[in-house]
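Chain letters run A, B, ... following the sequence lines, proteins first, then strands; residues in each count from 1.
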There are 2 protein chains.
Amino acid sequence: MSVEVQAKAGKTRLRLWLKLLKTSNAVETALRDRLRTEFGTTLPRFDVMAALARSPEGLKMSELSRRLRVSNGNVTGIVDRLEVEGHAERHAVAGDRRAMEVRLTGKGRAHFDTLATAHEAWVNELMGAITEAEAARIMEDLDSVARDLEEKR
Amino acid sequence: MSVEVQAKAGKTRLRLWLKLLKTSNAVETALRDRLRTEFGTTLPRFDVMAALARSPEGLKMSELSRRLRVSNGNVTGIVDRLEVEGHAERHAVAGDRRAMEVRLTGKGRAHFDTLATAHEAWVNELMGAITEAEAARIMEDLDSVARDLEEKR
DNA sequence: CAAAGATATTTTAAGCTTGAAATGAATCGG
DNA sequence: CCGATTCATTTCAAGCTTAAAATATCTTTG
């Protein structure tokens, strides 16, 4: 590839990145707004609840942190707040006094079901401009970026 | 479209959103890491400097806030820190004692040039898995989402 | 001109986020 | 068994972010 063509591809990727960032920020902001105004909650709390909903047996703090790719200290704070709300509970882990298992409460599960339904509808509304065929194609491209990034880690 | 096909397209869009979010978070985290470890700065400061670099005559606080789509209070804090570092300066605006014009200092401009060069190379490295043709196509799709979101605002 | 409304910015309170340090507990090698 | 290391979690300090309230100034209108 010539130097000129390389430079052009570079500028195109930079533009793509800026647009990708702008679009995902716009969608994310809309979701945060709606979670806040319609349900008085936040995206981080929703994310933690979603992870817990997929593991009814409970998850250790470190496992939650690993799955959501956020720091341990971050999970501590979010679970603290979910506990205050009565949506999650910490339980001692038999055989390891260092660890804590976190579970949704009944109230938390019911609340999450409501949130998840609304969330899926919102995403569909916000991303309505993309057809299924386009979605599949973009996902493939993003997958190749994600795989690349995974390797670098 | 049948109910079944609609539901399927809905699930595909949700998956696309989750992948979009994951990928852009991964790229953004890599960029934040490198700005921090290699230059001791942050993405918000980089973003403000980038906006200021494009307007050498200076920008008012409110204009900065509007362009970056962040709150006024947020800009106050970031500009405070850039000022402490000696990378930006606030100036009174002739004819409006409420307003402040912000500009990069000479030091700030030199610093930003270094950052911007590194930033562009990083984005190219991180998004290297995407060819120019794919990039162009994805940008079109994202544009349609962004336009849609613009209208909803 | 004075009151009312609009505009520019800062302040405040609350939450999210991180990396690093601290704590307490488990495990491992000798 | 004991000292060293590793592991799970929390605490801490700093920065980013927002919405809402507070300030100060400008503009419009009666």
Side-chain angles (χ1 to χ4, degrees), chain A residues 21 25-26 28-49 58-85 87-102, chain B residues 21 24-26 28-49 51 58-85 87-102:
Chain A
L21 187 59
N25 280 344
E28 195 174 328
T29 299
L31 294 174
R32 281 182 199 275
D33 266 8
R34 293 177 186 194
L35 281 174
R36 185 177 61 83
T37 59
E38 300 194 17
F39 295 104
T41 191
T42 65
L43 203 46
R45 303 216 263 253
F46 177 77
D47 290 341
V48 167
M49 294 183 86
L59 287 175
K60 290 200 292 185
M61 294 296 281
S62 47
E63 183 58 21
L64 215 34
S65 160
R66 200 186 60 72
R67 292 199 191 187
L68 301 176
R69 296 161 201 275
V70 300
S71 66
N72 286 345
N74 192 355
V75 172
T76 296
I78 296 168
V79 170
D80 284 352
R81 284 178 280 269
L82 287 175
E83 247 181 341
V84 169
E85 293 173 351
H87 290 138
E89 286 172 342
R90 280 174 169 95
H91 296 277
V93 172
D96 190 343
R97 284 180 298 171
R98 293 169 306 180
M100 297 297 264
E101 201 106 59
V102 189
Chain B
L21 188 58
S24 78
N25 279 343
E28 194 174 328
T29 299
L31 294 174
R32 280 182 200 276
D33 267 8
R34 294 177 186 194
L35 281 174
R36 185 178 59 80
T37 59
E38 300 193 18
F39 295 105
T41 192
T42 65
L43 204 44
R45 303 215 267 250
F46 177 77
D47 290 341
V48 167
M49 293 183 85
L59 287 175
K60 290 200 293 183
M61 294 297 281
S62 48
E63 183 58 20
L64 215 33
S65 161
R66 199 186 61 72
R67 293 199 190 186
L68 302 176
R69 295 163 203 274
V70 301
S71 67
N72 285 345
N74 192 355
V75 172
T76 296
I78 296 168
V79 170
D80 284 352
R81 285 179 280 271
L82 287 175
E83 247 182 341
V84 169
E85 293 172 351
H87 290 137
E89 286 172 341
R90 280 174 169 94
H91 295 277
V93 172
D96 190 343
R97 282 179 302 170
R98 295 169 304 180
M100 296 297 263
E101 200 108 58
V102 189

Does a nitrogen or oxygen in the side chain of B:S71 sit under 4.0 Å from OP1 or OP2 of D:dT17?
no

Could you please name the option among D:dT17, C:dT10, D:dT25 that lies closest to any side-chain atom of B:P44?
D:dT17

Categorize B:V93 for me: base, sugar-phosphate, or nothing, with a 4.0 angstrom heavy-atom threshold over every strand shown.
nothing

Heavy-atom nearest pair, A:S65 first then A:V70, reads OG-O, 2.7 Å

For the side chain of B:R98 and the base of C:dT7, is some donor closer than 3.5 Å to an acceptor across the two?
yes

Gap between atoms CG and P, on A:N72 and C:dT17 respectively (whole Å)
14 Å

Residue A:M61, side-chain heavy atoms: nucleotide from D:dT18, D:dT10, C:dC16 that is nearest:
D:dT10

Whole Å only: how far is the CD atom of A:E28 from the P atom of C:dC16?
13 Å

Sugar-phosphate, base or nothing in reach of A:R32, heavy atoms under 4.0 Å
nothing

Report yes if at least one side-chain N or O of B:T42 is closer than 4.0 Å to OP1 or OP2 of D:dC16; otherwise report no.
yes

Between B:K60 and A:G77, whichever has its closest DNA chain C nucleotide further toward 5' is B:K60

N-O pairing of B:E85 and B:R81 below 4.0 Å
no

Pair B:D47 + B:R67: basic N to acidic O under 4.0 Å
no

Using heavy-atom distances to pick each residue's nearest nucleotide on DNA chain D, tell me which of A:G73 and B:N74 is more 5'.
A:G73

Taking side chain to side chain contact (heavy atoms under 4.5 Å, CB included) as the criterion, tell me which of B:V75, B:L68, B:N74 meets it with B:S71.
B:N74

Could you tell me the separation between the CG atom of A:L64 and the P atom of C:dT17, rounded to a whole number of Å?
12 Å

Could you check how far CZ of A:R81 sits from C1' of C:dT17, rounded to whole Å?
10 Å

Let me know the distance between CG of B:D80 and C1' of D:dA14, rounded to the nearest Å.
15 Å

Base, sugar-phosphate alone, or nothing: which one does A:V75 contact when heavy atoms must sit under 4.0 Å apart?
nothing

Should B:R45 be listed as having a side-chain N or O under 4.0 Å from OP1 or OP2 of D:dA14?
no

Contact nearer the 5' end of DNA chain D, comparing B:R97 with A:R90
A:R90

Starting at atom CG of B:N25, determine the distance to atom P of C:dC16, rounded to an integer number of angstrom.
16 Å

Output the rounded distance in Å from CE (B:M100) to P (D:dT25).
12 Å

Would you mind telling me which of C:dT9, D:dA8, C:dG15 lies closest to the side-chain atoms of A:S62?
D:dA8

Are A:R32 and A:E28 within salt-bridge range, i.e. N to O under 4.0 Å?
yes

Non-hydrogen atoms of A:R45 and A:G40 that approach each other most closely:
NH2-O, 4.4 Å

Between P on C:dT10 and CD1 on B:I78, what's the gap in Å once rounded to a whole number?
12 Å

